[in-house]
Amino acid sequence: DGGAFYIKFLYLTPLLIWLLALYLSLGVLLTKQNKINLHSPEEIREDYNKTISYKQKTLMGSFLALSAGLFVVICLMIFR
């Protein structure tokens, strides 16, 4: 039955969105090994700025995914 699958998928959607948010959040916490040249402070500064920018974008994506999942849950509770 197509309708039953649609309803199940609709209720599964917030969990999938929250799993995406969890994945993005863990990507911020888990660090990768960077090669550091101690004789080049400019290179260290650039690498630091790139890393911080990437982590900020990833955290914003995680926040948006959490918010979208919460919005979907609220809509499902109101319109069910």
Side-chain angles (χ1 to χ4, degrees):
D1 186 54
F5 176 75
Y6 174 73
I7 296 297
K8 288 179 185 176
F9 181 74
L10 198 60
Y11 281 102
L12 189 62
T13 303
L15 288 174
L16 296 175
I17 295 172
W18 287 336
L19 283 175
L20 173 67
L22 181 65
Y23 174 78
L24 292 172
S25 297
L26 288 176
V28 171
L29 292 175
L30 299 175
T31 59
K32 60 181 178 181
Q33 190 76 20
N34 290 333
K35 184 178 178 183
I36 295 177
N37 184 2
L38 295 178
H39 301 292
S40 177
E42 185 64 33
E43 184 179 315
I44 295 171
R45 189 176 299 114
E46 287 176 13
D47 188 41
Y48 173 78
N49 287 333
K50 282 193 309 188
T51 302
I52 293 300
S53 176
Y54 169 76
K55 288 186 177 202
Q56 183 63 34
K57 288 178 187 176
T58 305
L59 278 176
M60 183 56 70
S62 175
F63 172 75
L64 292 174
L66 281 172
S67 300
L70 184 61
F71 177 75
V72 171
V73 166
I74 290 171
C75 287
L76 286 173
M77 287 173 40
I78 291 172
F79 299 115
R80 66 175 187 147

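Numbering starts at 1 and runs along the sequence shown. Just the heavy atoms: all of them, side chains too, but no hydrogens, waters or symmetry mates, feed the values below.
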Item to check | Gly61 versus Leu24, closest heavy-atom pair with distance | outcome: C-CD1, 3.7 Å
Item to check | hydrophobic_cluster_shared for Tyr6 and Ile17, side chain cutoff 4.5 Å | outcome: yes
Item to check | Over all atoms of both residues, closest heavy-atom pair of Ile44 and Asn37 | outcome: CD1-O, 3.6 Å
Checklist entry - Could you state the interatomic distance from CG (Leu38) to CD (Glu43), rounded to the nearest 0.5 Å? => result 10.0 Å
Item to check | From Tyr54 atom OH to Thr51 atom OG1, the distance as rounded to the nearest 0.5 Å | outcome: 10.0 Å
Checklist entry - Any chain of hydrophobic side-chain contacts (each under 4.5 Å) joining Leu66 to Val73? => result yes
Checklist entry - What is the minimum heavy-atom distance between Ala21 and Ser62, and which atoms define it? => result O-OG, 3.1 Å
Checklist entry - Passes side chain to side chain contact (heavy atoms under 4.5 Å, CB included), Ser67 versus Phe71? Steps please. => result CA-CA 6 Å; Ser67 300; Phe71 177 75; over 6 Å; no
Item to check | Shortest non-hydrogen contact from Leu16 toward Phe9 | outcome: CD1-CE1, 4.5 Å
Checklist entry - How many angstroms lie between OG1 in Thr58 and CG in Leu26, if you round to the nearest 0.5 Å? => result 11.5 Å
Checklist entry - Measuring from Phe5:CZ to Leu10:CG, what's the distance to the nearest 0.5 Å? => result 11.0 Å
Next on the checklist: Is it true that, when you exclude Tyr11 itself, more than 12 heavy atoms of the residues, nucleotides or ligands shown sit nearer than 6.0 Å to its OH?
Outcome noted: yes
Item to check | Whether over 12 other heavy atoms sit under 6.0 Å from Lys50 NZ | outcome: no
Checklist entry - Would you say Ile78 and Leu70 are hydrophobically clustered, going by side-chain heavy atoms of ILVMFWY under 4.5 Å? => result yes
Checklist entry - Does the side chain to side chain contact (heavy atoms under 4.5 Å, CB included) test come out yes or no for Met60 and Lys57, once each step is laid out? => result CA-CA 5 Å; Met60 183 56 70; Lys57 288 178 187 176; 5.7 Å; no
Checklist entry - If you group Ile, Leu, Val, Met, Phe, Trp and Tyr by side-chain heavy-atom gaps below 4.5 Å, do Phe79 and Ile74 land in one group? => result yes
Checklist entry - So if you build clusters from Ile, Leu, Val, Met, Phe, Trp, Tyr with side-chain heavy-atom gaps below 4.5 Å, do Leu59 and Leu20 land together? => result no
Next on the checklist: For the CD1 atom of Ile52 and the CG atom of Asp47, what is their distance to the nearest 0.5 Å?
Outcome noted: 10.0 Å
